[in-house]
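Taking it in order: structure first as structure tokens, then the write-up.
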Amino acid sequence: MAITPLMPVYPRCGVRPVRGEGCYLIGEQGERYLDFAAGIAVNALGHGHPHLVQAIADQAATLMHVSNLYGSPQGEALAQRIIGNCFADTVFFTNSGVEAIECAIKTARRYHHVNGNPERHKLITFQNAFHGRSLGAISATDQAKMRDGFEPLLPGFAYAPFNDLDAALALIDGETAGFLVETVQGEGGMTAGTPEFIRGLRQACDDHGLLLILDEIQCGYGRTGRFFAYEHYGITPDIMTVAKGIGAGFPLGACLATEEAAKGMVAGTHGSTYGGNPLAMAAGQAVLDVMLEVGFFERVAQKGERLRSAFEQLIPNHDHLFEEIRGKGLMLGIKMKEPAVSRDFVAHLRDNHGLLTVAAGENVFRVLPPLVIEDEHIDECIEKLSAGARSFAVPMDD
Ligand SMILES: *Cc1c(COP(=O)(O)O)cnc(C)c1O
């Protein structure tokens, strides 16, 4: 048999982590890596955070799972705490980001259905978007590499260029339900929505009775130096998806909504066997215990500024390689100059300099460290990055 025991859908690299310590990953042979990938923005508290570890261990011994047929004091408490710190009135807990996206799409369709407008089922989404890998989520992006061979896809999506407000508005018609957009695009290339764009979408929703769905699965939960990225824009969404940092490594996601937007989601319309079980809720509470401490988000913003200004100093020294810095807070990317070398550069940093980063679209490499990094980790990252930039040979096109 030639197929691998793990379905070969990932081009897995040679790093084989077996342990984590704070901002470091340790491989099978004891190799150490500075982890500025953090499980792709998941390990917000680093590896082995004692409070998170203890909370999960205690809850596992107390009560791991019960059905959503029973009352959930654990779920109510976490939902209440999240609601108390953002726009939302209600929460549906999931086990992943893409399940939160599915819930968001269903919530938007049901909203117009119960309003007596079932024809308003179409979501306007954006080029280069990444919303996950379910059929619904790949239908919500125009990226061929995710869609090819999986047709027929889910109808009901239209695509506009990201940050092009006029193009998005031009797609509104009698079938439009709303917009689904990452406040800061992650996989697509670390591009932050411009204030005019995000505020313009909000305004259009208000003008036309549409729903604004923000996908903050990557950019939410402290990543940009605020609890949620929309706070930078002075607007609120109607529906929002979160995941990744919400469990800091425990599989957890959530679809948040206002009371109005969720009015169609009544008993029997949606569900999940595992979603919001006591073990997941304990992990979610432990993450918030840390993040909602006074000054946590300000500290993320400060570390983000420090990292960004170190990048700014680095770029002129390697201007044959690096073009510009993108992103917000500790969700940063560096766009590289042509040819498309970001993947090779990520591999080079990993294999020759012990620094983990992640490639993204548009020839960008992403830096997504744990939100609890110290200045010494930033300094170490910059040392490794400049050494990596000096030793990197741009591959020749053949
Ligand atoms: C990671 C991600 C998803 C998908 O989350 P999964 O947990 O992999 O299903 C969706 N949207 C954005 C913006 C993401 O970064």
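First listed ligand is number 1; within each ligand, the first listed atom is number 1.
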With heavy atoms of [X] as the reference, note each atom of ligand 1 found under 4.0 Å away.
X	value
His131	10 (C), 11 (N)
Lys244	1 (C), 2 (C), 3 (C), 14 (C), 15 (O)
Gly132	4 (C), 10 (C)
Gly97	5 (O), 6 (P), 7 (O), 9 (O)
Glu182	13 (C)

Just to verify, which of Leu371, Val184, Val300 counts as forming a side chain to side chain contact (heavy atoms under 4.5 Å, CB included) with Arg223?
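Output: one option passes, namely Leu371.
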Assess the side chains of Thr176 and His208: does a donor N or O sit below 3.5 Å from an acceptor N or O?
no
Any luck finding a side-chain donor-acceptor pair between Tyr24 and Glu380 under 3.5 Å?
yes
Do the rings of Phe322 and Phe365 sit parallel, tilted or perpendicular, given the 30° and 60° boundaries?
tilted
Parallel, tilted or perpendicular: ring planes of His49 versus His51, cut at 30 and 60 degrees
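Ring orientation of His49 relative to His51: perpendicular.
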For ligand 1, which is the ligand I care about here, please tell me if [X] has any N or O atom under 3.5 Å from one of the ligand's N or O atoms.
X	answer
Val98	yes
Gln218	yes
Phe130	yes

Under 4.0 Å from atom 15 (O) of ligand 1, is there any protein heavy atom?
yes
So, does Asp215 sit close enough to ligand 1 that a heavy atom of it is under 4.0 Å from the ligand?
yes
Strictly under 6.0 Å, is that where the ring centroids of Phe227 and Tyr221 end up?
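Between Tyr221 and Phe227, which both carry aromatic rings, the centre distance is below 6.0 Å.
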Could you check whether His131 and Phe126 have their ring centres less than 6.0 Å apart?
no
